[in-house]
Amino acid sequence: NISEEPSKKTFILFGNPRGGTTMIANVVRSMGIFLGDDLPVNLEDSGFNWDVLTKQNPNWGRNQKLSTIQQLIEKRNTDHDIWGWKYPRSDRFLEEISSDLINPMLICVFRDIVATTWRNVVRRGQPPINLMQNALNLQASNLSLIEKSGIPSLLISYEKAISDPFQLTS
């Protein structure tokens, strides 16, 4: 949704879970972009976290969760000229709420799939091949979402960002 107010902007940070989105969210916050109040250590605003909304409201259907997110977007659009949120799986609802966003910008973080899946292999004993295939599928889905949305996007390599943080921030 391109606004006639070019000074307003909404940033959406997403990618694979365990994929480096928290590091990028810290960079975005350090630049003064509001990502929410009283954020947990993973910097995920519970109002945009589909998993939290599901756990807190087990009887809610998809439309109720989407409506809650849209109401929060409306409030943030009123309260902040520049703001955003970080939730790795924003792909779950982004298409349905994108028309509510003012001058959106997607920031998608990509990370080596072994790194993003290893925790579940070690801690939960899940088969690495299945987890890696799921991670690849999510990366492909994120690319497809970016392409289909037509929203300006920044694609970030987690590995490149940690190897040269000054390049990332310049």
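Each residue takes its place number in the sequence, starting with 1.
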* Asked: Hey, what do you get for CG (Leu101) to CD (Glu74), rounding to the nearest 0.5 Å?
  -> 12.5 Å
* Asked: Among all residues two or more places apart in sequence or in another chain, which pass the side-chain hydrogen bond (donor to acceptor under 3.5 Å, both in side chains) test with Gln64?
  -> none
* Kindly indicate, with the supporting measurements, whether the criterion side chain to side chain contact (heavy atoms under 4.5 Å, CB included) is fulfilled by Leu35 and Trp83. => CA-CA 6 Å; Leu35 295 180; Trp83 69 279; over 6 Å; no
* To do: Spell out, yes or no, whether Phe11 and Tyr158 are grouped together once hydrophobic residues are joined by side-chain heavy atoms under 4.5 Å, including indirect joins.
  => yes
* Asked: Linking I/L/V/M/F/W/Y whenever any side-chain heavy atoms sit under 4.5 Å apart, do Leu136 and Leu138 land together?
  -> no
* Structure fact -> Nearest heavy-atom contact between Gly47 and Leu72 is CA-CD2, 3.6 Å
* Judged by atom type as modelled, is there a donor-acceptor pair below 3.5 Å linking the side chain of Arg111 to the main-chain atoms of Arg18? -> yes
* Lys/Arg N to Asp/Glu carboxylate O, Arg76 vs Asp100, below 4.0 Å -> no
* To do: Evaluate the side chain to side chain contact (heavy atoms under 4.5 Å, CB included) criterion for residues Asn57 and Lys65: first the C-alpha distance (whole Å), next the side-chain angles of each, then the deciding distance (0.1 Å), finally the verdict.
  => CA-CA 9 Å; Asn57 310 285; Lys65 289 180 248 185; over 6 Å; no
* Determine the minimum heavy-atom distance between Ser7 and Ile82, stating which atoms define it. => O-CG1, 3.6 Å
* Least distance between heavy atoms, Asn16 atom then Asn142 atom -> OD1-ND2, 4.0 Å
* To do: Go through the steps for Phe14 and Leu106 under the test side chain to side chain contact (heavy atoms under 4.5 Å, CB included), then give the verdict.
  => CA-CA 8 Å; Phe14 69 110; Leu106 303 178; 3.9 Å; yes
* **Closest heavy-atom pair and its distance - Pro104, Ile12** => CB-CD1, 4.0 Å
* To do: Sequence neighbours left out, what passes side-chain hydrogen bond (donor to acceptor under 3.5 Å, both in side chains) with Lys160? Give chain and number order.
  => none
* Do the non-hydrogen side-chain atoms of Thr68 and Trp60 ever get within less than 4.5 Å of each other? -> yes
* Any side-chain donor paired with an acceptor under 3.5 Å for Gln71 and Ser67? -> yes
* Is a side-chain donor or acceptor of Thr116 paired with a backbone partner of Ile113 at a separation under 3.5 angstrom? -> yes
* Got Leu94 and Ser149 here, is their nearest side-chain heavy-atom distance under 4.5 Å? -> no
* Asked: Got Thr10 and Ile73 here, is their nearest side-chain heavy-atom distance under 4.5 Å?
  -> no
* **Path from Val52 to Trp50 over hydrophobic side-chain contacts below 4.5 Å** => no
* Just do the side chain to side chain contact (heavy atoms under 4.5 Å, CB included) check on Asp51 and Arg89 with the steps written out, would you? => CA-CA 9 Å; Asp51 300 317; Arg89 293 302 313 271; 5.6 Å; no
* Asked: Do other residues, nucleotides or ligands put more than 12 heavy atoms under 6.0 Å from Arg92 CZ?
  -> yes
* To do: Output the distance between atom CG (Asn63) and atom CD (Gln70), rounded to the nearest 0.5 Å.
  => 9.0 Å
* Asked: For the side chain to side chain donor-acceptor pair (under 3.5 Å) test, which of Lys86, Glu44, Gln56 pairs with Asn49?
  -> Glu44
* Please list, chain by chain and in numerical order, all residues satisfying side-chain contact (heavy atoms from CB on, under 4.5 Å) with Asp112, sequence neighbours excluded. => Val114, Ala115, Glu159
* Asked: Hey, does Leu39 have a side-chain heavy atom less than 4.5 Å from the side chain of Arg29?
  -> yes
* Asked: In Å and rounded to the nearest 0.5 Å, what is the OG1 to CD1 distance from Thr21 to Ile107?
  -> 11.0 Å
* Structure fact -> For Ile97 and Leu66, the nearest pair of non-hydrogen atoms, with its separation, is CG2-CD2, 4.1 Å
* Evaluate the side-chain proximity of Leu43 to Leu13: yes if any heavy-atom separation is below 4.5 Å, no if none is. => no
* Measure up the Trp85 and Phe48 rings against each other and bin them: parallel (under 30°), tilted (30 to 60°), perpendicular (over 60°). => parallel
* CG on Asn103 to CD1 on Ile151, rounded to 0.5 Å -> 10.5 Å
* To do: Of all the heavy-atom pairs spanning Gly15 and Cys108, show the shortest one and how long it is.
  => CA-SG, 4.2 Å
* **4.5 Å side-chain heavy-atom contact, Met105 and Leu154** => yes
